[in-house]
*Asks:* 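Structure in structure tokens, see below.
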Protein chains: 2
Amino acid sequence: MAWTLDDSRPIYLQIEDLIKTNIIAGVYQPGQKLPSVRDLAAEAAVNPNTMQKALSELERSGLVYTQRTSGRFITEDVSKMTELKEQLAREQIQLFLKNMEQLGLSREDIRRLLEKEWKEES
Amino acid sequence: MAWTLDDSRPIYLQIEDLIKTNIIAGVYQPGQKLPSVRDLAAEAAVNPNTMQKALSELERSGLVYTQRTSGRFITEDVSKMTELKEQLAREQIQLFLKNMEQLGLSREDIRRLLEKEWKEES
DNA sequence: ATTATTGTATTAATAAAGTAATACAATAAT
DNA sequence: ATTATTGTATTACTTTATTAATACAATAAT
């Protein structure tokens with residue numbers, strides 16, 4: 001795993017994002033056991049508490065769960081994961097639309113701007 | 001003006017957003033003089049420095065400008081304002097697309113989800 | 001020229017966020 | 001039963017962000 005951290009944002013947030021992305025991308029498979037907090041912390045060269053914070057945040061989202069003394073695991077409930085992804089997507093969309101409306105943009109404006117952006121990206 | 005503030009976010013950010021929204025919505029007209037820092041602060045019942053911070057942040061965006069001792073004004077450069085709006089929109093879009101892609105969603109997925117959201121909103 | 005009004009700079013105080021050190025608790029492994 | 005490994009709680013430290021008090025500087029108004 002890459003653990004490329006900078007000081008632009010809190011460490012624990014960067015870690016959370018990295019792991020979350022890897023889970024969603026399927027790098028970590030459902031049911032797979034994660035390394036221990038201490039091992040992950042060593043790997044990423046951060047304080048164990050920092051890693052702990054990242055992981056417990058991640059847990060709130062339901063992507064991972066803990067079994068008291070045996071460790072942390074990626075949720076094996078695939079439908080839950082799908083559901084979660086959809087919920088995150090919905091939140092993103094609603095925030096986005098709220099911001100765009102605050103700029104006085106109509107639905108048609110938004111459609112047009114998205115297509116334009118995609119066209120420019122190629 | 002409404003000045004409804006809560007403690008969910010820093011005061012100066014909430015103020016910044018309120019004023020920005022009003023400018024973009026045309027409540028404040030181009031060229032219009034804003035009340036003085038002290039007056040605005042009294043109106044919103046905040047410390048003058050807090051208002052000052054909100055306003056100087058707003059200034060960085062180019063929506064308002066200062067004339068040393070006569071006060072602050074809404075930019076009368078309408079094309080600049082349009083330009084700024086477009087830039088803000090572009091930033092929002094790029095952030096949004098980045099986040100959606102991180103969720104593994106394709107362009108077609110995004111189109112579909114937006115239309116769905118709009119349909120549900122009515 | 002003086003005064004009142006404007007924005008700004010400086011500094012301090014307070015609050016919140018982030019990171020770290022250490023001790024605890026539970027249980028799987030032996 | 002003992003030990004090693006796991007996550008967690010508690011506490012303290014440090015840094016950053018936010019708010020506030022106060023003094024300064026420039027100029028429009030008189």
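Every chain is numbered from 1, with letters handed out A, B, ... down the list of sequences. The structure displayed is predicted, hence computed values, not measured ones.
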*Asks:* Not counting sequence neighbours, list each pair that qualifies as a ring-ring contact (aromatic ring centres under 6.0 Å, His included) and has a residue in residues 13-51 of chain A.
*Replies:*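 Residue pairs with at least one partner in residues 13-51 of chain A: there are none.
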*Asks:* According to salt bridge (charged side-chain N to carboxylate O under 4.0 Å, His left out), who are the partners of E91(B), at least two apart in sequence or on a separate chain?
*Replies:*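 Result, salt bridge (charged side-chain N to carboxylate O under 4.0 Å, His left out) vs E91(B): none returned.
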*Asks:* L55(A) CG to dT6(D) C1': how many Å, rounded?
*Replies:*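 Interatomic distance, CG of L55(A) to C1' of dT6(D): 13 Å.
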*Asks:* Side-chain N or O of Q52(B) versus OP1/OP2 of dG7(C): is the shortest distance under 4.0 Å?
*Replies:*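 False: Q52(B) side-chain N/O out of range (4.0 Å or more) of dG7(C) OP1/OP2.
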*Asks:* Show me, pair by pair, the donor-acceptor contacts under 3.5 angstrom made by side chains of residues 6-14 of chain B, not counting sequence neighbours?
*Replies:*
from   : atom 1 : to     : atom 2 : distance (Å)
D6(B)  : OD1    : S8(B)  : N      : 2.7
D6(B)  : OD1    : S8(B)  : OG     : 2.5
R9(B)  : NH1    : D17(B) : OD2    : 3.4
R9(B)  : NH2    : D17(B) : OD2    : 3.3
Q14(B) : OE1    : D6(B)  : N      : 3.0
Q14(B) : NE2    : D6(B)  : O      : 2.6
Q14(B) : NE2    : R9(B)  : O      : 2.7

*Asks:* Under 3.5 Å for both distances, Watson-Crick or G-U wobble, that's the pair rule; now give the dot-bracket for DNA chain C, with | marking pairs to another strand and [ ] for crossing ones.
*Replies:* ||||||||||||||||||||||||||||||
*Asks:* Got a sec? Which of residues 28-36 of chain B come in under 4.0 Å of DNA chain C, heavy atoms?
*Replies:*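 The stretch gives S36(B) as the residues lying under 4.0 Å from the strand, ordered by number.
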*Asks:* In whole angstrom, give the distance that lies between atom CG of D6(A) and atom P of dG18(C).
*Replies:*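 To the nearest whole Å, that distance equals 14 Å.
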*Asks:* Kindly state each residue pair satisfying ring-ring contact (aromatic ring centres under 6.0 Å, His included) with at least one member in residues 29-60 of chain A, sequence neighbours excluded.
*Replies:*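 Counting only pairs at least two positions apart or across chains, no ring-ring contact (aromatic ring centres under 6.0 Å, His included) contact touches residues 29-60 of chain A.
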*Asks:* Ignoring hydrogens and angles, write down the donor-acceptor pairs under 3.5 Å from the side chains of residues 38-49 of chain A, residues two or more places apart or on other chains.
*Replies:*
from   : atom 1 : to     : atom 2 : distance (Å)
E43(A) : OE2    : W3(A)  : NE1    : 2.7
N47(A) : OD1    : N49(A) : N      : 2.8

*Asks:* Is there any protein nitrogen or oxygen under 3.5 Å from a nitrogen or oxygen in nucleotides 15-21 of chain D, and what are the pairs?
*Replies:*
from    : atom 1 : to     : atom 2 : distance (Å)
dT18(D) : OP2    : Y12(B) : OH     : 2.6
dT19(D) : OP1    : I11(B) : N      : 2.8
dA20(D) : OP2    : T50(B) : OG1    : 3.4
dA21(D) : OP2    : N47(B) : ND2    : 3.2
dA21(D) : N7     : N49(B) : ND2    : 2.8
dA21(D) : N6     : N49(B) : OD1    : 3.3
dA21(D) : N6     : N49(B) : ND2    : 2.7

*Asks:* Enumerate the ring-ring contact (aromatic ring centres under 6.0 Å, His included) contacts for residues 73-98 of chain B, please, sequence neighbours excluded, ordered by first and then second residue.
*Replies:*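 Checked against ring-ring contact (aromatic ring centres under 6.0 Å, His included) - neighbours excluded - the pairs reaching residues 73-98 of chain B are F96(A)-F96(B), Y65(B)-F73(B).
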*Asks:* What are the residues of residues 16-23 of chain A, sorted by number, that bring a heavy atom to within less than 4.0 Å of DNA chain C?
*Replies:*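 Of all residues in residues 16-23 of chain A, none places a heavy atom under 4.0 Å from DNA chain C.
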*Asks:* Applying salt bridge (charged side-chain N to carboxylate O under 4.0 Å, His left out), name anything that partners D109(A), two or more places apart in sequence or on another chain.
*Replies:*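 D109(A) satisfies salt bridge (charged side-chain N to carboxylate O under 4.0 Å, His left out) with R112(A) once adjacent residues are dropped.
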*Asks:* List the protein contact pattern of nucleotides 25-30 of chain C with one symbol per nucleotide (5' to 3'): B for base contact, S for sugar-phosphate-only contact, - for none; contact means a heavy-atom distance under 4.0 Å.
*Replies:* -BS---
